[in-house]
Amino acid sequence: MTVVTPRVARSRKAVRALLTAATWLVLAAAVLGAVYGAPGLLDAILRFAEEVPARWEELTAVGPPPEPLPPSPTHPLPRRKS
């Protein structure tokens, strides 16, 4: 059985206190970030949702087929080996 001296017990207690404080600080930062960031994020989502029907119409619009690209003089098609 390992004997824990008072000095070791104090250092473990100090480390535990530091880790607990760090955990609470990280959680508090996450909560503040969520509280202050939520309105902007919600606004961006709602603006995007308003644009979706127009984007869908643009993507699904039927029009003339696009013209084929002319061959590139700097990058010719690879020749087939006979």
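All values below were derived from every heavy atom in this structure, side-chain atoms included, with hydrogens, water molecules and symmetry-related copies excluded. One is the number of the first residue; the rest follow in order along the sequence.
Atom-to-atom distance recorded for Leu41:CG and Leu46:CG is 9.5 Å, nearest 0.5 angstrom. With rounding to the nearest 0.5 Å, the separation of CG in Leu42 from CZ in Arg47 is 10.5 Å.
Within a 6.0 Å sphere centred on CD of Glu58, heavy atoms belonging to other residues, nucleotides or ligands number 12 at most.
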